Amino acid sequence: MTSLFAVSDHLPSGRVPIEALAGELGLTPMQVRIFRRYHGLGEVSRDEGGSLLDLLRGAVAGLAALRGREHLVRYVLHARSFPTVVPYPHDPVRELCAELGLDAGVPVFSVGHHACASGLLAIDAAGRLLAADGGPGALALVLAGEKAFTPEAAAVPGSSFFGEGAGACLVSASGGRDRVLSYAVDLRGEFDTVADCAESESEFQRIYGEALAAVVRAAVERAGLSLERVTAVLPHNVNRVAWHQVCRVLGYPRERVVLDHVPTVGHVFCADHFLNHRTARQRGLLRPGEPYVMAAAGAGRGATFAAMVLQH
Amino acid sequence: MSIRTLLPPALSTPPAAPPGAPSSGWGVRRAARLVFPEPSALAADPVHAARLHRYLSDLLAPYGLAPAEPDATGQSYGEMAEALIGAVVPAGEQVDLLVLAHSVPDLTPGRATACRLGHVCPGGPLSFAVTDQGGTAASTALRLLAAYADSAGLRRALLLVVEQDRLPYDPGVPVALPAASRGVALLFGDPLPGERPLRIDPAAATATAAATAARSGTDPWWELAGLVADR
Amino acid sequence: MTSCDQLVSTICELLPVVLKREVSGADAGTALLDALGLNSTTGLELVLELEERLGLEISVEDLGRDDFATVGSLAAYVADHLLADA
């Protein structure tokens, strides 16, 4: 059984109000007001002058469980919202692995094309690789986090602002906690068009809430559970209103969706689940033996809805 | 209904069993390989070129680098993969899993191409990409494909290996690019009557791929596709 | 106390502002999303413009797509979700 052996996250200390980013992103003052009032965004985290390596290194630094277990890591996966984040063949993930003293022969790769749901894909994929050939005690290191390096990676018009940060987890195939119970994914490739298309974009907005609710429900049902038993939902921090809509559709209490970081950090690409995991633990929303959900949707180019049920 | 639900691998799956082994006969049923000598039409699109130039400029700036002037060259892996899907998936058949592998970046570096391919490939497969492994992404993609076939029952699986011969910037460090833009498609599955799929051991494929990665990402797969065609 | 009729007419006045074009013959039954092509961004602009015009604050927490079906449905939402009187 796939499980998360340890989870960590890293947020840089810098915060930038969304008003300050409006100019370079071509947003009008009215659009910024809407982001604040309606979407619940306010400040986003930024690591000015810092690199992707800095962010990922920060997340792994919090993985105390990795120390002494470096030799057990068989795979390293970087989950990305944006498929290309560094100039090929530069590879900061590989550099980080060398710093950590991981075996040089360990496959280090990026997995994705599920936009901000790629972190869930990475956990699922890592678990299957380990189950196939990992050996007892083998682990996979899953990393997430990116730089808001270009306007496309800084905001999604009418939807969200990206925050810089990172998350890391150690995946095991030997059971234990937090155990993955199910994974549901809905790839909506019909919304992915090479050219920007207004009708496609507005249709995507229209189905968003229902599609995200449906995939959460599907994952919970596949795990043989009912929604009332789910103690918390760790969302992607796209914005507040999308998740309020999902809660209305599901009949799930919005207080149990960890949206704490939306106004102060923004949407940290594929890493939101890791920082929301920490917050959920701190708020007492994760109880041993009880199920919770991680869920995300892909915004922008790459429409994916995914949810994973785990047992704490 | 487009939602796929999966359960994680059971603890009882013995890790020593070769992926895909339980159902004997599972292997490569069909293969296709294509060269793409002409650049993608998208490369000449001025709107796309401007968007790409901004993306690349911002990508390269932290490294003190800049993109080359747009010159209407480059391949879209989405287009290459669609051509390969058309060539390898027999009419009327469905695919459960699609894994796209490449190392050289796409002409559309911000695009979730595999998500799109899940829509165009018959069967609406679970699709994703494996990239950035210095030329050996395809061998990890193969391991993943076998692992999903085994533990998630996604046995009609398509591996797409694509690499283009063009990098629109000088990365400031040595980089090996293939001599031509090529793509290979390997369709895995249980044999239909009369078929004798080619079995591949992912571990052996990894070793071969690593040895040849310096030359070209698609070489060992190109040769494999030739072997399948000859059977 | 702002009446629904007043809201309807104020909304109709603001339509050209957010849609940036002439809008004629709009009334309570006008379909905002379908007929006029309002989208989620211009819809929200409309609500915020309404706040400024009225000098009132509107709670947008529960605002959903259905509330933008017609001018009348939007007016009904606003009437139910005013936070403070000027």
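Please read these numbers as outputs of a predicted model, since none were measured by experiment.
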Would Ser76(B) and Asp106(B) satisfy side chain to side chain donor-acceptor pair (under 3.5 Å), going step by step from the backbone distance to the final call? CA-CA 6 Å; Ser76(B) 149; Asp106(B) 198 339; 4.7 Å; no
The interface call for Ala129(B) against chain A, heavy-atom contacts under 4.5 Å, is both
Would you say Asp178(A) and Gln311(A) make side-chain contact, with heavy atoms under 4.5 Å? no
Heavy-atom distance under 4.5 Å to chain A: side chain of Leu7(B), backbone, both or neither? both
Side-chain donor-acceptor pair under 3.5 Å between Asp132(B) and Ser110(A), yes or no? no
Report the relative orientation of the aromatic rings in Phe162(A) and His267(A); use parallel for angles under 30°, tilted for 30 to 60°, perpendicular for over 60°. parallel
Chain B: which of Ala125(A), Gly127(A), Ala306(A) shares the most heavy-atom pairs with it under 4.5 Å? Ala125(A)
In terms of relative ring orientation, are Tyr55(B) and Phe82(A) parallel, tilted or perpendicular, with 30° and 60° separating the classes? tilted
Where does Val108(A) contact chain B at under 4.5 Å (heavy atoms): side chain, backbone, both or neither? backbone
Parallel under 30°, tilted from 30 to 60°, perpendicular over 60°: which one fits the rings of Phe128(B) and His114(A)? perpendicular
So what's closer than 4.5 Å to chain A heavy atoms on Pro62(B): side chain, backbone, both or neither? neither
Going by distance alone, is a donor N or O of one side chain under 3.5 Å from an acceptor N or O of the other, for Thr2(A) and Asp124(A)? no
For residues Ser40(B) and Gln75(B), is any side-chain donor paired with an opposing acceptor at under 3.5 Å? no
Looking at Val215(A), Leu121(A), Val93(A), which one has more heavy-atom pairs under 4.5 Å with chain B than the rest? Leu121(A)
Between Thr218(B) and Glu163(B): side-chain donor-acceptor atoms closer than 3.5 Å: no
State, with a plain yes or no, whether a side-chain heavy atom of Leu4(A) is found less than 4.5 Å away from one of Val171(A). yes
Quick one: do the Arg51(B) and His53(B) side chains pair a donor with an acceptor below 3.5 Å? no
Where does Leu181(A) contact chain B at under 4.5 Å (heavy atoms): side chain, backbone, both or neither? backbone
Can you pull out the residues in residues 95-104 of chain B with any heavy atom less than 4.5 Å from chain A? Leu100(B), Ser103(B), Val104(B)
Name the option with the most non-hydrogen atom pairs under 4.5 Å to chain B; the candidates are Arg80(A), His78(A), Met308(A). Arg80(A)
Does one side chain, of Thr73(B) or Arg166(B), offer a donor that lies under 3.5 Å from an acceptor on the other? yes
Does any backbone or side-chain atom of Tyr75(A) lie under 4.5 Å from a heavy atom of chain B? Answer side chain, backbone, both or neither. side chain
Report the option among Asp45(B), Leu56(B), Val130(B) that has the most heavy-atom pairs separated by less than 4.5 Å from atoms of chain A. Val130(B)
Chi angles and distances behind the side chain to side chain donor-acceptor pair (under 3.5 Å) call for Ser151(B), Arg128(A): CA-CA 7 Å; Ser151(B) 63; Arg128(A) 292 184 200 279; 2.9 Å; yes
Regarding Arg156(B) and the six-membered ring of Phe188(B), is the cationic atom NZ or CZ under 6.0 Å from the ring centre and inside 45° of its axis? no
Whether His90(A) and Tyr63(B) hold their rings parallel, tilted or perpendicular, with breakpoints at 30° and 60°: tilted
Heavy-atom proximity to chain B below 4.5 Å, by part of Asp91(A): side chain
Of the backbone (N, CA, C, O) and the side chain (C-beta and beyond), which part of Val309(A) lies under 4.5 Å from a heavy atom of chain B, both, or neither? neither
Neighbour count above 12 (heavy atom, 6.0 Å) for Glu210(A) CD: no
Residue Tyr169(B) versus chain A: region with a heavy atom under 4.5 Å: side chain
Counting a contact as any heavy-atom pair under 4.5 Å apart, which residues of residues 218-225 of chain A contact chain B? Ala218(A), Arg222(A)
